[in-house]
K.L.:
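Supplied in structure tokens, the structure appears directly below.
One-based numbering, in listed order, for ligands and for the atoms of each. Note that the structure is a prediction, hence the values are computed from the model and not measured.
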Amino acid sequence: MAINRRHFLVLLGTPAGAATLGITKSRELPYFSLMEPVVASETMATSQTKQAAAGATFSLPPLPYDFAALEPYIDRETMQFHHDRHHAGYVRNLNAAIDKHPELKSLSAVELVQQLDNLPGDIQTTVRNNGGGHLNHSMFWQIMSPNGGGEPTGAIATAIAQTFGRFEAFKHAFNNEGKKRFGSGWAWLVVDSNKRLRVMNTANQDSPLMQGMFPVMGNDVWEHAYYLTYRNRRGDYLDAWWNVVNWDEVNRRYAQAIG
Ligand code: MN3
């Protein structure tokens with residue numbers, strides 16, 4: 001289906017379209033702040049400079065800590081390949097898709113994945129996989145921290161207790177989503193359209209945003225996220241991952257999701 005810019009923007013939520021479809025422009029969405037370019041780390045400076053020079057729409061956000069910062073739970077080499085190769089690849093592929101349809105360049109990654117069905121057919125799958133991959137990983141780096149772990153704090157602790165009972169029960173439910181995802185995907189804690197917490201999983205790089213839910217936190221259960229250290233023991237990785245969860249960032253996302 002050919003779709004021109006005006007038609008697309010109406011679908012997306014210029015005033016008339018927004019009222020009909022209930023769509024929010026990305027700058028009002030909590031996710032958008034994660035997509036803003038931040039100061040490049042030394043490691044990624046070259047890549048970001050190249051992307052900027054090429055006028056790329058999306059860029060790889062730098063890791064907010066060193067590659068080895070999450071050891072022993074996630075090893076340095078895994079982090080380096082995961083960020084510099086895998087995430088960089090999603091950004092590169094997403095930009096290549098959008099380059100084919102420059103009329104889409106004004107849209108955020110969130111808007112793109114929330115409107116997959118309205119995108120030109122030749123890039124729908126690419127945007128689904130790589131736009132989803134870009135958003136998922138941009139969240140993932142932020143919700144982990146070398147100072148993370150321990151029990152949840154703040155409003156998310158209260159909400160988890162109300163929804164799941166004890167923290168151990170929540171961890172079990174979340175990890176179970178990761179264990180039962182056959183093949184590659186993500187385990188999630190989301191806020192649904194009724195502002196309720198839920199655990200779920202998605203295949204591949206699908207985002208809960210594609211189902212109208214807001215991802216509060218998610219764990220990557222692709223083998224590239226754990227195989228160097230944990231080999232086939234996905235369950236051990238899921239258990240260890242709680243030692244690096246950045247509850248401050250999870251709380252920030254939860255506040256935006258329900259706000
Ligand atoms: Mn990954």
Side-chain angles (χ1 to χ4, degrees), residues 31 34-35 41 43-44 47-48 51 58-97 109-110 112-113 125-146 148 174-175 177-190 199-211 215-246 249-250 253:
Y31 228 139
L34 295 182
M35 299 300 104
S41 69
T43 312
M44 292 319 304
S47 166
Q48 290 210 328
Q51 288 168 349
F58 300 101
S59 59
L60 179 65
L63 263 191
Y65 34 75
D66 293 340
F67 292 124
L70 304 182
E71 290 188 345
Y73 308 109
I74 305 180
D75 67 89
R76 181 195 60 77
E77 190 176 9
T78 293
M79 290 299 291
Q80 185 162 10
F81 272 76
H82 202 172
H83 180 270
D84 285 9
R85 305 293 175 85
H86 291 277
H87 190 172
Y90 301 130
V91 172
R92 189 169 56 247
N93 293 336
L94 177 61
N95 282 329
V110 170
L112 288 167
V113 305
T125 300
T126 303
V127 172
R128 178 177 194 153
N129 291 336
N130 296 280
H134 177 42
L135 287 168
N136 293 344
H137 289 84
S138 296
M139 170 216 67
F140 190 55
W141 314 131
Q142 297 289 335
I143 63 154
M144 298 190 294
S145 165
F174 182 97
N175 283 357
E177 295 296 323
K179 285 175 189 162
K180 75 187 187 188
R181 163 50 52 196
F182 183 77
S184 298
W186 290 74
W188 297 103
L189 175 68
V190 301
V199 291
M200 63 180 290
N201 70 79
T202 58
N204 304 316
Q205 293 296 352
D206 283 2
S207 165
L209 291 165
M210 297 170 188
Q211 300 175 47
V216 176
M217 61 188 287
N219 194 359
D220 187 338
V221 299
W222 285 57
E223 286 183 345
H224 67 225
Y226 63 85
Y227 210 85
L228 293 181
T229 293
Y230 297 92
R231 302 300 174 182
N232 60 324
R233 302 185 308 277
R234 183 187 288 187
D236 289 356
Y237 162 69
L238 284 162
D239 287 338
W241 182 75
W242 296 96
N243 289 294
V244 297
V245 171
N246 178 357
E249 176 65 10
V250 173
R253 296 178 62 85

K.L.:
Among the N, O or S atoms of His82, which one sits nearest to the Mn ion (ligand 1)?
P.N.:
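Looking at His82, the N, O or S atom with the least distance to the Mn ion (ligand 1) is NE2.
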
K.L.:
For Asp220, what is the atom name of its N, O or S atom nearest to the Mn ion (ligand 1)?
P.N.:
OD2

K.L.:
Checking side chain to side chain donor-acceptor pair (under 3.5 Å) against Gln205, which of Asn130, Asn129, Asn136 comes through?
P.N.:
Asn136

K.L.:
Tell me which N, O or S atom from His137 is the closest to the Mn ion (ligand 1).
P.N.:
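Considering only N, O and S atoms, His137 comes nearest to the Mn ion (ligand 1) through NE2.
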
K.L.:
Could you go through Trp186 and Glu177, starting from their C-alpha distance and side-chain angles, then the distance that decides it, and tell me whether this counts as side chain to side chain donor-acceptor pair (under 3.5 Å)?
P.N.:
CA-CA 8 Å; Trp186 290 74; Glu177 295 296 323; over 6 Å; no

K.L.:
Can you see whether Tyr230 has Arg233 sitting over its ring - NZ or CZ less than 6.0 Å from the centre and within 45° of the normal?
P.N.:
no

K.L.:
If you define the side chain from C-beta out and look only at heavy atoms, does anything of Trp241 sit under 4.5 Å from Asn175?
P.N.:
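Result no, sub-4.5 Å side-chain heavy-atom pair not found.
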
K.L.:
Pick one: which of His83, His82, His87 meets ring-ring contact (aromatic ring centres under 6.0 Å, His included) with His224?
P.N.:
His82

K.L.:
Checking only N/O/S atoms, does His87 have one that is under 2.8 Å from the Mn ion (ligand 1)?
P.N.:
no

K.L.:
Does any N, O or S atom in His224 come within less than 2.8 Å of the Mn ion (ligand 1)?
P.N.:
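Looking at His224, which is the residue asked about, there is an N, O or S atom under 2.8 Å from the Mn ion (ligand 1).
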
